[in-house]
Student: 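Before we start, here is the structure in question, set down as structure tokens.
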Amino acid sequence: MQSEEQSLRPRRRDFLRLAVGASVVLLAQACAPAPSAPNAAPTTSPVAGQPTAAPAAQPTQAAAAQARRGGLLRVGLDVDADTLDPRLTKNTSGFRVRELVFNGLVAINPDFSPVPDLAEKWDNPDDKTWVFHLRPNLKFHDGSDLTASDVKFTYESVLDQTFNSPSRAFYLTVDKVDASDKNTVTFTLKAPFAPFLSYMDLAIVPQAAVQKLGADFGTRPIGSGPFKVDRWTTGDTIELSANDTFYAGRPNLDRVRLKVVPDNSARVVALESSDLDFVQSPVSPQDVARVQSGGKLKVDRTPAAGYTYINLNTADPILADKRVRQALSHLVNKQQIIDTIYKGIGKPASGPIVPGMWAFPPDVPAYDYSPDKAMALLEEAGWKAGSDGTRSKDGQKLSLTVRTHSEDPDRKQVIQVLQSEFQKVGIDATTNAVEFPAFFQDMQEGKFQVGVVGWLNLSDPDRATFRQFTSDGTANYGKYRNDQVDKLLKEARTTLDQSRARTLYADAVKQIADDAPYIFLQYQEYIAMYTPKLQGYQVNPVANWLSFKSVFLAS
Amino acid sequence: VGRYVAQRLLHTLVVLFGVALLTFGLIHLTPGDPVLVMLGQDATPSELERLRHLLELDQPLHIQFVNYLGRLATGQLGDSIFQRQPVARLLAERFPATVELTLAAMLVAIVVGMLTGIISALRPYSAFDVVAMFVALSGVAMPVFWLGMLAILLFSLQLGWLPSFGRGEPVTDAVGAWVRFGDPTDVIDSFKHLLMPALTLGAFSAALISRLVRSALLEVLGQDYVRTARAKGVRAVLVIARHALPNALIPVVTVIGLQVGTLLGGAIIAETIFAWPGIGRLLIQAINQRDYPLVQGIVLMTALVVSAINLVVDLLYGVINPRVRYG
């Protein structure tokens, strides 16, 4: 929720290309990178939105011949990792490092589908049982064997309450984990759980090393991934080097150096000065526009697994009336906000499930920008304009405070736009921006009326809906309640048949859109900018750096 | 002098207690909850409650403060809530970088400030004086983040002379390697990294010092004893070095001492712009995450350093001006 990527809804064709690209990479994983067009011209205009990383058109064999061994990739981070223990990290940098250093049973593809990683295959004999078969001869960086008991240990440690893992909530449906033999792990669930596989990317840690190192494992992690951690200078540098024993083959790069450059603009300037080779979201929209028009660097943009939205507190006496919430929905000119504040990055949003996800319902009716409709709805709800133009009902003024967190300059502009739109139709609107922890606490405690925030890492439809819109959902800050939605979402998460689940999600999303507890503002975009020397990088909105294991630096 | 130092140390202890109390009060009264930040939006209320209890955050504030003081008295700064590492270790890792940057900025401020101030005072209203004082005025008015960004755009992006961010090897290590192995590569690299942040951070203080030196020296140069010395035929350089400067420096030294605090404050911003891995950035991060023990540790450590430096400055008065007596 803190630092989010910008998103852009792609055309369907782009998705097909991405999906095809993903499968090519999968086939080529063990031997070679699947690079984007070598010597590709810099990405064209943002509108064209060509996913330059989609390698569908490139013959993989030819690409393999060009792959070059060696070199150092210097990557800019916006924040330092909080810890390198993948079970405990809760910031984006920690998760990115985890992609390079560790493996899960599955990995998440750019189209959000789970693909084999440590597990070469799995089956699910009944709704509540999942059996994973590990690849043979897996090794950790310290040379020890990675076995089913390490998997069991990892999941059990995350589930242990006293360990305080921020990921614990995702695994509460797991009843028990058994290591049937050295290479087989069986998960027994308390209830059928459709998104189960999408959470099976939890990084597997070596039991012996974790128990020996204790808390120091967080600074000197040992994984099984394509790179191993050589040195971590907190607040400054994380040095990684190639793992010769990686199961899918040694990566082409010799080393990856992650440098912390906290200021968004300074990080982009460092890339432009060739002090860095790769930077990614969060970046400021102005910098993206400049780099794109400069034409010297590659810019990849892809829809992110997140969106920006306006939360309307349905427990507030004014906002409890659905007509008022719908009126506000008609007052948000999404395209204009995207064009002016976000410099064209992102697409107008219509619901909580992001485009690109299998369950995305394409036909959700959107609220058009119409102050007239808004005024009609407010009149209908009994809010009449007084002599000073401000609306009131039964002696109570129509007063709303629009809030966001002060760290995000774009959102601070959004609340000002909203204030002026609200004022135009006679709402007494004020704004308020405070630091994220304070704002977030008020959200959690329901002490807000209108709040501009966002969601990210929505890697499956359940994650995008269940916590937010079921009446006792842990992230239902606005106390939204609709029994029909509760029923649909509860059924969807236990429905393993995707086409049936798709219908359930579509019905739920349409109902939510009509009730308007959220105003869905903008599907965000994930942006990567890098030196044209870097070949084979594949944009991935969930696992941003997964393709580092096969990229190479052209001379 | 010994008694004076003892007295001052006692003062410092009182100041540190005040700082600890204020920091504790402010950070705990600031809205926002470290447990929420730590467990995130997926946590259940019972999990939040459990962690709050574990971290003793469910105790009344005064009890928490007394417990904190008790741990401080035994030298424990506690563990960072968010990074799950001892605060003392984080301080030890990050403080040297800030000290290096602050000292370098101090050096810039003193050398540049003194030189321009002296030259301006000797040739008042000359072209040099007018330009220097105009630049100094701009320096005082220019925010660090703006100056820093401009410097990066010019020296890194346009000219490509200096690295745009980060720290090289610690200067002490680099110099050590140079002495032992005769290889100056690291030293050059470290200084290239250090130059821009130090200039940016030191600019404000340099400007302030130069204006102060100029006015103090101008005043002293108008005194009778200076004219008498010159009339006796003492060379101008000697008059300035022996008679004028020491008298002019007393207010300057005070200001330099106080500037240490300003520089440490400015370092927070300079470290963010230049990605300098120091304590300032750690502090911002800690505040944003409501990492109570870490915020308290950093502020306390900084207060300790500023107090110590001011003590040294006060002792320096006696060296510069023997009329100053302690006691």
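Note that this is a predicted model, so its numbers are computed, not measured.
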Student: Is it the side chain or the backbone of Arg267(A) that comes within 4.5 Å of chain B heavy atoms, both, or neither?
Tutor: neither

Student: With a 4.5 angstrom heavy-atom cut-off, is it the side chain or the backbone of Gln85(B) that approaches chain A, or both, or neither?
Tutor: side chain

Student: Tell me the closest heavy-atom pair linking Gly235(A) and Arg281(B), and the distance in Å.
Tutor: O-NH2, 2.7 Å

Student: Checking heavy atoms, do the side chain of Asp216(A), its backbone, both or neither come under 4.5 Å from chain B?
Tutor: side chain

Student: Please look at Glu435(A) and chain B and tell me whether the side chain, the backbone, both or neither of the residue comes under 4.5 angstrom of a heavy atom of that chain.
Tutor: side chain

Student: Heavy atoms, side chains only, cut-off 4.5 Å: are Thr233(A) and Arg167(B) in contact?
Tutor: no

Student: Any non-hydrogen side-chain atom of Phe145(B) less than 4.5 Å from a side-chain atom of Asp263(A)?
Tutor: no

Student: Is it the case that the side chain of Asp236(A) and the backbone of Pro277(B) share a donor-acceptor pair, with hydrogens and angles ignored and the cut-off at 3.5 Å?
Tutor: no

Student: For a quick test of reading the model, state the closest non-hydrogen atom pair linking Leu36(B) to Phe440(A) and the distance between them.
Tutor: O-CE2, 4.1 Å

Student: Under a 4.5 Å heavy-atom cutoff, which of Leu54(B), Thr30(B), Asp33(B) has the most pairs with chain A?
Tutor: Asp33(B)

Student: If you take all heavy atoms of Val260(A) and Ala275(B), which pair is closest and at what distance?
Tutor: O-CB, 3.2 Å

Student: Could I get the full list of side-chain hydrogen bond (donor to acceptor under 3.5 Å, both in side chains) partners for Ser265(A), not counting sequence neighbours?
Tutor: Asp287(A)

Student: Side chains of Val79(A) and Gln285(B), heavy atoms from C-beta outward: is any pair under 4.5 Å?
Tutor: no

Student: For Pro437(A) versus Asn288(B), what's the shortest heavy-atom pair and its separation?
Tutor: CG-O, 2.7 Å

Student: Could you list the residues that satisfy salt bridge (charged side-chain N to carboxylate O under 4.0 Å, His left out) with Arg50(B), not counting sequence neighbours?
Tutor: none

Student: Can you tell me which portion of Leu48(B) sits under 4.5 Å from chain A's heavy atoms? Options are side chain, backbone, both or neither.
Tutor: side chain

Student: Using heavy-atom distances under 4.5 Å, tell me whether Ile273(B) contacts chain A through its side chain, its backbone, both, or neither.
Tutor: both

